[in-house]
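Here is the naming used below: chain letters follow the sequence lines, and residue numbers restart at 1 for every chain.
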Amino acid sequence: MDTDYPMLNESFYTRNEVVRVAKDLLGKVLVTNVDGVISAGKIVETEAYSYLERACHAYMNRNTNRTQVLFERGGTAYVYLCYGIHRLFNVVTNVAGIAEAVLIRGVEPLDNIEAMTRRRALKKKNYSLTSGPGKLTQALGIKMEHNREWLLNKKVWIEDRGYVIAGDEIRESARIGVAYAKEDALLPWRFFLRENPWVSKGFNNYNL
DNA sequence: GCAATGATTTACT
DNA sequence: GTAAATCATTGCC
C-alpha cells in the first residue's frame, strides 16, 4: 500500500533553520503505515526546539540515551514518553551532530478516520481526535518503536499534497508547557493555522 | 539506589 | 477550575 503524493526529501529536513522547517511543515501531511493500515492527517500545529535553548532535551548538547537521536541527521523520528502516558512525535532537523527538532502538536484527520477513531477509543469523530501532541500519536498509531525511524522508510513519513498555506494563515506564540525553560519559554517558536479547530486546546491561543 | 519531574490528557468537582 | 494517571529519564547521594 502507498499513497500517490511526493514525500518530503532529506534536504527539507536537513536545513540549518529549525524555525523555518517548523513553519514549512504546516499544511504538510503526516502519514503512518502501521501493520498495513495507512492513516494520515494535515499538520496544523508545530513547535521548534534547538540545543541552543533551555526547553530542548538536548540543551547545551546534553547527550544521553534519550537525547542521542536528536543528533541524528534531519529526517529521523524522535518519539518519547511524556508524563508516563503519552508519546510525543518530533522530526529531527539539521545535519547530523546538530540537535534540533520540530514537535508535531496537532493534525487535521484526512485518511482512514475510522482507524484513528478506533485507536483513540472514541464513539465518533470529534475535535478531540487529533488536536494535541499525545492525541495525534495515539490516533495515527505512533509508538515508541517508531523512535529513530528514518522518515523516508514509509513507516512514518510526511508528504506534500499541495496544500498552500498563505503567510497570513500562520499564527505564532510561545511554546506550551515549557515554563521551566525560563526566558527561553518566551521564544515565539510555536506555529499554528489560524482558526483551525484541530489546533490543541485548553491552552491560551493568543495571537489569534 | 532513590526521589523528582515532566514538550499531556482526562475526569472529576 | 483542580487533580489524578503513570513511568522513563535524569540527577544526585
Return all side-chain donor-acceptor pairs below 3.5 angstrom for residues 16-23 of chain A, not counting sequence neighbours, or 'none' if the list is empty.
{"unit_1": "A:Asn16", "atom_1": "OD1", "unit_2": "A:Asn94", "atom_2": "ND2", "d": "2.8"}
{"unit_1": "A:Arg20", "atom_1": "NE", "unit_2": "A:Asp24", "atom_2": "OD1", "d": "3.4"}
{"unit_1": "A:Arg20", "atom_1": "NH2", "unit_2": "A:Asp24", "atom_2": "OD1", "d": "3.3"}

Rounded distance in Å - CG (A:Leu187) to P (B:dA7): 15 Å
Note: A:Glu45-A:Arg190 ion pair, threshold 4.0 Å (strictly below): yes
Spacing between A:Arg175 atom CZ and B:dG6 atom C1', to the nearest angstrom: 15 Å
Hydrophobic cluster identity match, A:Ile158 and A:Leu70, side-chain contacts under 4.5 Å: no
Nucleotide-resolved protein contact map, nucleotides 7-13 of chain C, B/S/- at heavy-atom distance under 4.0 Å: BSSSS--
Length of the line joining A:His86:NE2 and B:dT5:P, which is rounded to integer Å: 19 Å
Please tabulate, for side-chain N and O atoms in residues 121-130 of chain A, each donor-acceptor pair with protein atoms closer than 3.5 Å (sequence neighbours left out).
{"unit_1": "A:Asn126", "atom_1": "OD1", "unit_2": "A:Ser128", "atom_2": "N", "d": "2.6"}
{"unit_1": "A:Asn126", "atom_1": "OD1", "unit_2": "A:Ser128", "atom_2": "OG", "d": "2.7"}
{"unit_1": "A:Thr130", "atom_1": "OG1", "unit_2": "A:Val107", "atom_2": "O", "d": "2.6"}

Check ion pair A:Glu159-A:Lys28 (N to O, under 4.0 angstrom): no
Length of the OH-C1' vector between A:Tyr59 and B:dG6, whole Å: 18 Å
Any A:Thr14 side-chain heavy atom under 4.5 Å of A:Thr93 side chain: no
Check: A:His57 ring centre within less than 6.0 Å of A:Tyr49 ring centre: no
Stems involving DNA chain B, each a run of at least 3 consecutive Watson-Crick or G-U pairs under 3.5 Å: B:1-6 with C:7-12, B:8-12 with C:1-5
Whole-Å distance separating the CZ atom of A:Arg54 from the P atom of B:dT5: 18 Å
Protein-nucleotide distance (A:Gln138, atom CD; C:dT6, atom P), rounded to Å: 14 Å
Listed partners of A:Asp168 passing side-chain contact (heavy atoms from CB on, under 4.5 Å), at least two apart: A:Ala166, A:Arg194
Between CE on residue A:Met7 and CG on residue A:Asp160, distance to nearest 0.5 Å: 12.5 Å
Given A:Val92, A:Leu103, A:Leu88, the one that forms side-chain contact (heavy atoms from CB on, under 4.5 Å) with A:Tyr78: A:Val92
Residues in contact with DNA chain B, drawn from residues 107-136 of chain A - heavy-atom cutoff 4.0 Å: A:Arg120, A:Gly132, A:Pro133, A:Gly134, A:Lys135
Separation of atom OH in A:Tyr80 from atom P in B:dG6, rounded to whole Å: 11 Å
Pair A:Arg161 + A:Asp111, salt bridge at N-O below 4.0 Å: yes
Any A:Arg87 side-chain N or O less than 4.0 Å from OP1/OP2 of B:dA7: no
